[in-house]
**Q** 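This structure is in structure tokens; I'll ask about it shortly.
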Amino acid sequence: MFDNIKKRFPVFEKKPELVFFDTAASALKVDSMINAITECYAYEYANIHRGIYDLSAKLTKRYEESRSNVSKFINSPSSNNIIFTKSATEGINLVSSCLSEDYFKDGDEVLVTSLEHHANLVPWHLVSKKIKIISTDITSKGELDYSDLLEKINSKTKLLAITHMSNVTGSITSFEEIKIKANKFNIPILIDGCQYVPHKKINIKHLDPDFYVFSAHKLYGPSGLGILYMKDKWIDKLGPYQGGGSMIKNVEIDSSTYLDGFQKFEAGTPPIAEVIGLSASLDFINEVGIDKIYEYENNLTQYAYDQIKRDNDIIVYGDFKNQTSIISFNLNGVHFNDLAMLLDKKNIAIRTGHHCAQPFMKCFNISGNARMSVGIYNTIDEIDYFIKSLNDVKIILKS
């Protein structure tokens with residue numbers, strides 16, 4: 001099945017030599033998703049939720065079927081819990097802004113971790129005049145320090161905002177003990193699932209977060225689209241994030257009333273074609289099988305990790321006992337950007353820098369590192385070529 005998977009990604013028709021190891025930043029795009037968006041714009045497009053004519057009615061139906069497809073993919077209780085935003089980042093900003101208006105009181109604490117992407121830190125900074133941000137430690141292996149986190153949960157804690165999978169190490173968070181302690185104090189949980197959802201099966205009903213965000217573009221889907229899962233009680237409790245069309249019941253010159261449910265959070269013309277495209281990319285993932293994808297990608301990453309660890313000149317962040325798909329490292333005596341530029345000459349694409357995770361880097365007293373991350377289109381041969389290329393670069397830069 002995976003032997004011919006590259007044929008589904010048009011970029012390889014034009015650049016067959018490309019070795020793409022930056023899927024953690026954004027996945028390459030599958031043909032069925034591209035076709036779905038093209039057909040939507042070419043033959044099906046109209047604004048939705050507003051027109052009673054055939055074109056609008058049909059696309060409205062397809063758009064809401066796509067919402068249902070997203071709901072089924074994460075096994076949420078209902079498609080009514082799915083809110084579309086322009087990005088996962090906006091989803092977190094939506095939650096932080098709405099909680100600041102309708103939930104947080106002065107002095108409340110929000111607990112975050114040093115594993116977080118900036119997208120799950122900066123939105124809380126924007127409302128920090130009302131709240132106090134508490135950070136939990138990470139271990140020397142780049143994983144969450146659960147003892148420290150559990151110890152810091154108390155009666156002042158009003159929200160936990162935690163990544164499901166680190167975008168630096170691929171470390172996967174276990175929420176079992178966290179949920180027990182959070183439930184004791186009736187603390188809601190927001191989970192950043194951007195890295196996790198493309199690789200492992202998720203069951204929202206079992207995980208039971210209050211808020212969960214992820215991105216379409218990491219799911220071989222379009223950019224400009226995020227997904228926010230929100231529990232019913234918060235949909236009912238929180239007020240709108242933005243105002244405009246599609247979310248109102250009635251408007252006067254000096255006042256307005258709003259629709260109930262998820263609709264009050266989706267002001268304006270939505271990302272119509274992007275939602276259609278995401279649904280197509282989820283169909284592709286379902287066709288291949290998310291469990292098979294995880295097994296395949298995990299085996300690739302384990303193989304790469306084992307090869308990299310043999311080189312004493314390479315510092316690896318993370319030990320691969322509880323992570324997947326991502327390996328972050330530095331080559332002794334070589335700047336990570338120099339490494340990336342020389343690998344690019346060999347048609348290998350990796351990410352370097354702080355990966356929008358500066359608190360993580362500061363924990364290890366580094367400014368950044370190199371990150372290779374695998375996707376469904378990568379192969380063992382590419383891993384071997386990558387390892388050989390690392391050795392070649394080392395010889396060039398250290399000679």
**Q** Taking atom types as modelled and ignoring hydrogens, do the side chains of Tyr303 and Asp384 form a donor-acceptor contact shorter than 3.5 angstrom?
**A** yes
**Q** Run Asp260 and Lys264 through salt bridge (Lys or Arg N to Asp or Glu O under 4.0 Å) and show every step you take.
**A** CA-CA 6 Å; Asp260 297 324; Lys264 66 181 170 183; 6.0 Å; no
**Q** What I'd like to find out is whether the side chain of Ser171 reaches to under 4.5 Å of the side chain of Leu144, using heavy atoms alone.
**A** no
**Q** Quick check for you: to the nearest 0.5 Å, what is the distance between Asp210 atom CG and Ile189 atom CD1?
**A** 7.0 Å
**Q** Does a donor on one side chain sit under 3.5 Å from an acceptor on the other, for Ser325 and His199?
**A** yes
**Q** Determine whether Pro359 and His118 make a side-chain contact, defined as any pair of heavy atoms from C-beta on separated by less than 4.5 Å.
**A** yes
**Q** Donor-acceptor check, side chain of Lys29 to backbone of Gly221, threshold 3.5 angstrom: yes or no?
**A** yes
**Q** Without swapping roles, check the side chain of Tyr258 against the backbone of Gln263 for a donor-acceptor pair under 3.5 Å.
**A** no
**Q** If we ignore hydrogens and angles and just use 3.5 Å, is the side chain of Ser215 paired with the main-chain N or O of Lys218 as donor and acceptor?
**A** no
**Q** Name the one of Leu228, Ile74, Ile204 that satisfies side chain to side chain contact (heavy atoms under 4.5 Å, CB included) with Ile82?
**A** Ile74
**Q** Starting from the C-alpha separation in whole Å, work towards a yes-or-no answer on side-chain contact (heavy atoms from CB on, under 4.5 Å) for Arg50 and Ser56.
**A** CA-CA 7 Å; Arg50 307 179 192 190; Ser56 176; 5.5 Å; no
**Q** Can you tell me if Asn298 and Gln302 form a side-chain donor-acceptor pair at under 3.5 Å?
**A** no
**Q** Which one of Ile387, Val316, Asn391, Asn332 satisfies the side chain to side chain contact (heavy atoms under 4.5 Å, CB included) criterion with Asp311?
**A** Asn391
**Q** Looking at Glu266 and Phe84, would you say the former's side chain and the latter's main chain have a donor-acceptor pair under 3.5 Å?
**A** yes
**Q** Flag the pair Asn120 / Thr163 as yes when at least one side-chain heavy-atom distance between them is below 4.5 Å, and no otherwise.
**A** no
**Q** In Å and rounded to the nearest 0.5 Å, what is the CG to CH2 distance from Leu190 to Trp124?
**A** 5.5 Å
**Q** Tell me whether Lys181 is salt-bridged to Glu177, with the criterion being a basic N under 4.0 Å from an acidic carboxylate O.
**A** no
**Q** Applying side-chain contact (heavy atoms from CB on, under 4.5 Å), run through Leu115 and Val168 and close with a yes or a no.
**A** CA-CA 8 Å; Leu115 282 181; Val168 181; over 6 Å; no
**Q** Show the nearest heavy-atom pair for residues Pro271 and Leu225, with the distance to one decimal.
**A** CG-CD1, 3.7 Å
**Q** For salt bridge (Lys or Arg N to Asp or Glu O under 4.0 Å), just list the numbers for Asp208 and Lys179, CA-CA rounded to whole Å, side-chain angles, deciding distance to a tenth of an Å, and then say yes or no.
**A** CA-CA 9 Å; Asp208 196 33; Lys179 286 194 299 181; 5.9 Å; no
**Q** Checking Ser373 side chain against Thr23 main chain: does a donor-acceptor pair fall under 3.5 Å?
**A** yes
**Q** Establish, from distance only, whether the side-chain atoms of Thr113 and Glu116 form a donor-acceptor pair under 3.5 Å.
**A** yes
**Q** Just by distance, no angles: are the side chains of Asn203 and Asn75 close enough, under 3.5 Å, to form a donor-acceptor pair?
**A** yes
**Q** For Leu259 and Ser246, work out which heavy atoms get closest and say how close.
**A** CD1-O, 3.2 Å
**Q** So, for Ala304 and Met372, which heavy atoms are closest and what is the spacing to 0.1 Å?
**A** CB-CE, 4.2 Å
**Q** Around Lys231, counting heavy atoms of other residues, nucleotides and ligands shown, do more than 12 lie under 6.0 Å from its NZ?
**A** yes
**Q** Give a yes or no answer on whether the side chain of Ser281 reaches the backbone of Leu278 with a donor-acceptor pair at less than 3.5 Å.
**A** yes
**Q** When the ring planes of Tyr63 and His49 are compared, do they come out parallel, tilted or perpendicular, using 30° and 60° as the limits?
**A** perpendicular
**Q** What are the two closest non-hydrogen atoms of Thr89 and Ala119, and how far apart are they?
**A** OG1-CB, 3.5 Å
**Q** For Lys130, I'd like to know if atom NZ has over 12 heavy atoms of other residues, nucleotides or ligands within 6.0 Å.
**A** yes
**Q** Answer yes or no: is there a donor N or O on one side and an acceptor on the other, between the side chain of Asn69 and the main chain of Arg67, under 3.5 Å?
**A** no
**Q** Once you round to the nearest 0.5 Å, how far does SG of Cys98 lie from CG of Asn93?
**A** 10.5 Å
**Q** I'd like to know if the side chain of Asp344 and the backbone of Ala340 have a donor-acceptor N/O pair within less than 3.5 Å.
**A** no
**Q** Keeping Tyr103 on the side-chain end and Lys158 on the backbone end, is there a donor-acceptor pair under 3.5 Å?
**A** yes
**Q** A side-chain contact here means heavy atoms from C-beta on lying under 4.5 Å apart; do Ile5 and Val288 qualify?
**A** yes
**Q** If you compare all heavy atoms of Ser140 against all heavy atoms of Phe364, which two are closest, and at what distance to 0.1 Å?
**A** O-CE2, 3.4 Å
**Q** Hey, any chance Ile48 and Ile276 share a hydrophobic cluster, counting ILVMFWY side chains that come within less than 4.5 Å of each other, even indirectly?
**A** yes
**Q** Strictly under 6.0 Å, is that where the ring centroids of Tyr212 and Tyr196 end up?
**A** no
**Q** Would you say Val213 and Val95 make side-chain contact, with heavy atoms under 4.5 Å?
**A** no
**Q** Please name the pair of heavy atoms, one in Asn47 and one in Pro270, separated by the smallest distance, quoted to 0.1 Å.
**A** OD1-CD, 4.5 Å
**Q** Hey, mind stepping through Phe185 and Thr157 against side-chain contact (heavy atoms from CB on, under 4.5 Å) and telling me if it holds?
**A** CA-CA 8 Å; Phe185 290 97; Thr157 310; over 6 Å; no
**Q** Are the aromatic rings of Phe20 and Phe12 close, with centres under 6.0 Å apart?
**A** no
**Q** Report the distance from atom NZ of Lys388 to atom CG of Asp392, rounding to the nearest 0.5 Å.
**A** 4.0 Å
**Q** Give, for atom CD1 of Ile134 and atom CG of Leu149, the distance between the pair rounded to the nearest 0.5 Å.
**A** 11.5 Å
**Q** Are any of the side-chain nitrogens in Asp22 or Arg371 under 4.0 Å away from the carboxylate oxygens of its partner?
**A** yes
**Q** First locate atom NE2 of His354, then atom CD1 of Ile366, and finally report the distance between them rounded to the nearest 0.5 Å.
**A** 11.5 Å
**Q** Answer whether the closest heavy-atom distance between the side chains of Asn154 and Glu109 falls below 4.5 Å.
**A** yes
**Q** Are His117 and His355 close enough that some pair of their side-chain heavy atoms sits under 4.5 Å apart?
**A** no
**Q** State which residue, out of Phe386, Tyr377, Tyr385, fulfils the ring pair (Phe, Tyr, Trp, His ring centres under 6.0 Å) condition with Phe21.
**A** Phe386
**Q** Is any side-chain heavy atom of Tyr146 less than 4.5 Å from a side-chain heavy atom of Ile178?
**A** yes
**Q** Indicate whether the side chain of Thr136 and that of Asp148 have a donor and an acceptor atom separated by less than 3.5 Å.
**A** no
**Q** Any donor-acceptor pair under 3.5 Å linking the side-chain atoms of Ser71 with those of Ser76?
**A** yes
**Q** Could you give me the CA-CA distance, side-chain angles and deciding distance for Lys72 and Asn286, then say whether side-chain contact (heavy atoms from CB on, under 4.5 Å) is met?
**A** CA-CA 11 Å; Lys72 290 174 184 175; Asn286 288 332; over 6 Å; no
**Q** Say whether, by atom type as modelled, one donor and one acceptor occur between the side chain of Gln323 and the main chain of Asp319 under 3.5 angstrom.
**A** yes
**Q** Begin from the C-alpha positions of Phe175 and His164 and carry the test ring-ring contact (aromatic ring centres under 6.0 Å, His included) through to its verdict.
**A** CA-CA 9 Å; Phe175 283 93; His164 204 167; 5.5 Å; yes
